[in-house]
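Heads up, the thing below is written out as structure tokens.
All ligand and atom numbering here is 1-based and tracks the order in the structure. Numbers here are sequence positions counted from 1.
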Amino acid sequence: MAKKLCVVGLGYIGLPTAVMFANHGLQVHGVDVNEHAVNLIKNKQLHIEENGLQERLEEAVDKGLFTVSTTPEEADVFIIAVPSPINNDKTANLNYVREATKSIVPYVRKGNLVILESTVPPRTVEDVMLPVLKETGLAFGTELFVSHSPERVIPGKVFEELVNNDRIVGGINEESSRLTVELYKVFVKGNIHVTDATTAEMVKVIENTYRDVNIAFANELAKISEKLGVNAWEAIKLANYHPRVNIHLPGPGVGGHCIAVDPWFLTELQPELAKIISLSRQTNDSMPEYTALKAKSILDAKGIQHGRVAVLGLAFKGNIDDMRESPSTDVLAHLDKLNVDYTAFDPHIKENKIEKQTQDLEEAVTHADLILILTDHNEFKEMLPSAVEDKMRTKAIFDTKNCIQRDAWKKAGFDVVLLGDSKVSTI
Ligand SMILES: NC(=O)c1ccc[n+]([C@@H]2O[C@H](COP(=O)([O-])OP(=O)(O)OC[C@H]3O[C@@H](n4cnc5c(N)ncnc54)[C@H](O)[C@@H]3O)[C@@H](O)[C@H]2O)c1
């Protein structure tokens, strides 16, 4: 049974994981190259938001079970949870995984286990990590054990899902898997399914790819529905009453560092075969431009030449503060290209991350000719026309998430436009 862990990468995944093991009595050393993050954590402060993390971090540090620094230490088990983004050309950037693996080599000893938690293209453990770990001089599978155990948690509910989600463990051999299962059993209550490392990598990537393809289908249905005079949301909702149908929802694009990224891993590995996958990526990537064009056409239809749009929502999904790969950034770029003026507001993005951003809803809607909803934050779901109507120049709202209280907006005399529905609803 492992006594000491070294967790490399203390972000949204690594920090909660490290703290969770420490809360279950293991001695954990956390490592991050970001000195600022390390200093904050040392002082029991957070550089990321996650429900329950603050209390758990305090408990772990106060009990002396969690230390942090910018360099690894010797341990029984090393867990790597560093980023695995894509480059501008949509190829996988495995430099973080490679560098993190290199950084532990001097500390790895006979009998240790190394687990990769980052989401990676299939064969990364075999082709990227093992060649680096070879420098330890240890024999794989007998002296050094290696596995992949991808993380499936959702931000905001990490501690609940770390415990209750089923987990996949893929070792380079049976003993690697067995040791990995034994470790996670410390807190995992879900089932732990064992396979090989490459299959485990594939499993995580196809989970996100499935969701991306399904969303692309919904986005295609939204476009088709607009041509046919059907409300796509209603059609999808009714279709999903079929016991074996589960169509996802359309929107202004797909963001985040998972669903918008991982399908490219398969496209890069097998470009000739990954046809539906790459078409789905293209479909989802086409939605920001589609959204911007539709916003402009709403202004054009009203004869508004130099219209102003109040863009509400910058985060890639509702009720979070994460703008990574957010489609809203692309929507804004397309509005710029179309010479449509805008001011953006997001109550969850507390610092101005883009030029035409305000921290004030009133400022965003003042003299606006259109409200464009890009994120289904609760604040926008609950928003009533009375909060904005006096400030606006034209009463129009374009909802890309089907989240507003449509009847209230219609009653207040707004033109209400819904993505995936060609009808402009007025009272
Ligand atoms: N965040 C999620 O919801 C989520 C869910 C499932 C899987 N994942 C996957 O988990 C992995 C980590 O994601 P994340 O969201 O925690 O990323 P993150 O950016 O929040 O954290 C990664 C941390 O690793 C650090 N780092 C980078 N290189 C390092 C190195 N060589 N040594 C030490 N630290 C290093 C960074 O400074 C950063 O703090 C990614 O592969 C991601 O796809 C994330």
Need the ligand 1 atom indices (1-based, order shown) with element for anything under 4.0 Å from a heavy-atom of Ser84. 40 (C), 41 (O), 43 (O)
Looking at Val108, is its backbone amide N or carbonyl O close enough to the side chain of Asn112 to form a donor-acceptor pair, meaning the two atoms are under 3.5 Å apart? no
Sub-3.5 Å N/O-N/O distance, His257 and ligand 1: yes
Is Ser103 close to ligand 1, meaning an N/O of one under 3.5 Å from an N/O of the other? no
Using side chain to side chain donor-acceptor pair (under 3.5 Å), reason through Glu363 and Thr358 one step at a time and then give a plain yes or no. CA-CA 7 Å; Glu363 190 185 330; Thr358 172; 3.0 Å; yes
Who gets closest to atom 32 (N) of ligand 1 by heavy atom: Thr71, Val97, Val33? Val33
Within 45 degrees of the axis of the six-membered ring of Tyr342 and under 6.0 Å from its centre: does Arg308 put its NZ or CZ there? no
May I ask whether Pro83 places a heavy atom under 4.0 Å from ligand 1? yes
Under 3.5 Å, N or O to N or O, is Asp32 touching ligand 1 that way? yes
Is the centre of the Phe21 ring less than 6.0 Å from the centre of the His24 ring? no
Within the 6.0 Å centroid threshold, strictly below: Phe78 and His29: no
Near Val8, which atoms of ligand 1 are under 4.0 Å from a heavy atom of that residue? 32 (N), 33 (C)
Would you check whether Arg324 reaches within less than 4.0 Å of ligand 1, judged by its heavy atoms? yes
When rounded to the nearest 0.5 angstrom, what is the spacing between CD in Gln45 and CD in Glu58? 10.0 Å
So is Glu117 polar-close to ligand 1, meaning N/O to N/O under 3.5 Å? no
Please work out whether any backbone atom (N, CA, C, O) or any side-chain heavy atom from C-beta onward of Val153 is under 4.0 Å from ligand 1, and answer side chain, backbone, both or neither. backbone
Please test Arg281 against Asp212 for salt bridge (charged side-chain N to carboxylate O under 4.0 Å, His left out), starting from the C-alpha separation and ending with a verdict. CA-CA 7 Å; Arg281 276 285 69 239; Asp212 197 49; 2.7 Å; yes
At a 4.0 Å threshold, what atoms of ligand 1 neighbour a non-hydrogen atom of Ala100? 31 (N)
Does Pro155, backbone or side chain, put an N or O under 3.5 Å from an N or O of ligand 1? no
Please check if the distance between the ring centroids of His47 and His36 is under 6.0 Å. no
Charged N to carboxylate O under 4.0 angstrom, Glu207 versus Arg211? no
Contact atoms of ligand 1, heavy-atom distance to Tyr96 under 4.0 Å: 27 (C), 28 (N)
Counting from 1, what ligand 1 atoms have a heavy atom of Glu151 closer than 4.0 Å? 6 (C), 7 (C)
For ligand 1, which atoms have a heavy atom of Asn34 less than 4.0 angstrom away? 37 (O)
Asp376 side chain vs Ile404 backbone, donor-acceptor pair below 3.5 Å: no
If the contact criterion is a heavy-atom separation under 4.0 Å, does Lys204 count as touching ligand 1? yes
Atoms of ligand 1, numbered as shown, that sit under 4.0 Å from any heavy atom of Ser118: 11 (C), 41 (O)
Hey, is Ala81 touching ligand 1 through its side chain, its backbone, both or neither, going by heavy atoms under 4.0 Å? backbone
